[in-house]
There are 2 protein chains.
Amino acid sequence: MKQPSGKVTRSDVAKLAGTSVAVVSYVINNGPRPVAESTRQRVLDAIRLTGYRPNGVARALASGSTKTYGLIVPNIGNTFVASMAHVLLQASLDHGHVMLLGDAGDDRQRELELIHSLLNRQVDGLFYNSVDRHPYIDVIKASGTPFVMLDRVEPQPGVSMLRVDERQAAFQVTSHLLSHGYQQVGIISGPLDMLNAQDRIQGWREAMAAHAVPVDESLIFPASYTRQGGYEAAQRMLAGPGAPRALFASNEGQAIGAIRAFSERNIRVPQDVALVCFNGTDQSAFHVPTLTTVRQPLRDMARCAIAMLQNWNGEAQLQEFPHYLEIGESCGCMPHKENNATTI
Amino acid sequence: MKQPSGKVTRSDVAKLAGTSVAVVSYVINNGPRPVAESTRQRVLDAIRLTGYRPNGVARALASGSTKTYGLIVPNIGNTFVASMAHVLLQASLDHGHVMLLGDAGDDRQRELELIHSLLNRQVDGLFYNSVDRHPYIDVIKASGTPFVMLDRVEPQPGVSMLRVDERQAAFQVTSHLLSHGYQQVGIISGPLDMLNAQDRIQGWREAMAAHAVPVDESLIFPASYTRQGGYEAAQRMLAGPGAPRALFASNEGQAIGAIRAFSERNIRVPQDVALVCFNGTDQSAFHVPTLTTVRQPLRDMARCAIAMLQNWNGEAQLQEFPHYLEIGESCGCMPHKENNATTI
DNA sequence: CTGAAAGCGCTAACAC
DNA sequence: GTGTTAGCGCTTTCAG
């Protein structure tokens, strides 16, 4: 008979099984002491009968581990962030950890609040993707909690970090556009004070140089990493003189926003403007047109991030991952499945 | 001087402040006993000096509350789920609670594992959106943990639930298409054994009846609630005879997948096929074309869900929310900003 | 207003 | 192989 409420404790089980509480623990934890098979069965039966559920809070206090990780993100509504969260969640569960999710709602103050909150709750480790370029690294360090930065920040001693070479990826993706023959490639960048925005712009610059194309600073359109940001940036671009025929959007949301803005002016992608973007998700493959995008090996990154926390020794661990270019229709070098000769 | 690690405990603070540990608690918790202002300051200083961080696990054990909620979702990669998670996270934080996020990865077994995991961790309450129509309600009930179902399930005693009248919403959205003059409206439904899929199909049926249109069962295309599902369903629809010129997709992902499939056959939305969908997110407004979609008042729902947990008395609470139809371009009754006379 | 002390439910020595 | 018990760090009652 299951109890109506979760008030059953380990000593109830012990009583019913006719053993001591220690034995119950040994059974539950498969150690650290052996238990006779017959006793073990009695305990197991008692657990079933009582509907006993080990109190994780008490276990955490006694054992010193919560089996919980924390994840701080700017906004779970961002599709790339959600993809990252998804793989981290899966990988953590594989290691027996659940995740406390802190969604900062793009608010710096809230982010700090959340960090304290998760730290107080004694997470075994923290994955951290900051709202902006001023992550609260000191706070986390002071707590002694293992943590991994998921986005690029100023290199610092004692800060572990995952990253892809965004400068190189930006170089590659811009070069891809240039190789199509475009002489002008615009860039919708992230907020200029963010390092990953700088990296991407830098790669863009280098690609222009490599192709002997003069860099036109007016082709940089800073925007937030959102659909709205991309939408507005594209509008600004169209409002100005000499809008480029090729464009590099710094994330998938911006790309989609830009395409929306274009469509409102009857500008087609890729026929009128070739487009590539960063950090595409599965969404890119279903978009019309499909998006040419730089993708990151998220699954590997998640596994690595967890390994970093587990092998934590207080020293910084840097792990760089390869990116890959997923060619879609948006850059124009693929046969476009869609055309305008329509019948049904 | 902050300590290098999180080993500072309350008694360290007490020692430094020259008080007892109880007083430190009184200061931290603003009660339950008053503390002299001067003592209070000494304690506060000691806390600052030591870098003391209250141990949430110990607090939870002693106080009986973890200040943590749990959220079980099928997959955080689904944009609608992510939107829901976002608002719940924000609302929870407003009430001082953090969230343990359980992402089942669309796997029933994993979902159960997660439920046990969160329950063991003594969450103060659980928000539950099941992978399929067989939610593990008994497990949660047996634990005595307050919980709210976020999706529609078989009405049961003792099960609180949020919902919108999906039958009615489906009726409305289908009627909207019919009012445009279409005689045939297809439906990409969810998996047929899910209640919300049945509800939506039922509303679709009733709308046909209300408009005196004979119901053609072959126009029901069951699919998973994903872009891939919508894509495949649309392909099936196009492969069959008499593909309808109007279509109701059961969620945003399906709609986007369907549009992709259409575009590959040079079928335009809304010119060739009028489309509406359920549970659109902000994404719908940036899509080309913008999507006509049924939206739910997520923010209100989140607040309500939390209130249900807080006022938990073991009795089922049912709360129904109004939906609203957001008219976009995809159904064809709006001036389409996009056209095909293109120049740049 | 402050201090002492009894738990909270469990882990893991340490005994036997 | 099993039982006893000292913590884990905190909340809160009960005495001063």
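Since this is a predicted model, take the numbers as computed values, not measurements. Chain letters run A, B, ... following the sequence lines, proteins first and then strands; every chain starts at 1.
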Just how far, in rounded Å, is [atom2] of [N] from [atom1] of [X]?
X: B:Leu61; N: C:dG7; atom1: CG; atom2: P; result: 14 Å
X: B:Arg33; N: C:dC1; atom1: CZ; atom2: P; result: 10 Å
X: A:Asn30; N: C:dA12; atom1: CG; atom2: P; result: 13 Å
X: B:Asn120; N: C:dC8; atom1: CG; atom2: P; result: 19 Å
X: A:Lys15; N: D:dG3; atom1: NZ; atom2: P; result: 14 Å
X: B:Ile28; N: D:dC10; atom1: CD1; atom2: P; result: 7 Å
X: B:Arg53; N: D:dC10; atom1: CZ; atom2: P; result: 12 Å
X: A:Ile47; N: C:dC10; atom1: CD1; atom2: C1'; result: 13 Å

Could you pick out which residue, B:Asn55 or A:Ser38, lies toward the 5' side of DNA chain D when each is mapped onto its nearest nucleotide?
A:Ser38
Is the closest side-chain donor-acceptor distance between [X] and [Y] under 3.5 Å?
X: A:Gln319; Y: A:Arg163; answer: no
X: A:Ser63; Y: A:Ser65; answer: no
X: B:Gln90; Y: A:Arg110; answer: yes

Under 4.0 Å, heavy atoms only, any strand: does [X] hit a base, just the sugar-phosphate, or nothing?
X: B:Ala22; value: base
X: B:Ser11; value: nothing
X: A:Ser25; value: base

By nearest-heavy-atom nucleotide on DNA chain C, the more 5' of B:Ala62 and B:Val21 is B:Val21
Return no unless some side-chain N or O of B:Ser63 is found under 4.0 Å from OP1 or OP2 of C:dC8.
no
Does A:Tyr26 get its side chain close enough to the base of D:dG3, under 3.5 Å, for a donor-acceptor pair?
yes
Sort out for me which residue in A:Asp106, A:Asn279, A:Asn196 forms a side-chain hydrogen bond (donor to acceptor under 3.5 Å, both in side chains) with A:Tyr225.
A:Asn196
Measuring from the side chain of A:Val23 (C-beta onward, heavy atoms only), which nucleotide among C:dG3, D:dG1, D:dT2 has the closest atom?
D:dT2
So if I take every side-chain heavy atom of B:Thr9 and compare against C:dC10, D:dC10, C:dA4, which nucleotide ends up nearest?
D:dC10
Between B:Met149 and B:Phe127, is any pair of side-chain heavy atoms under 4.5 Å apart?
no
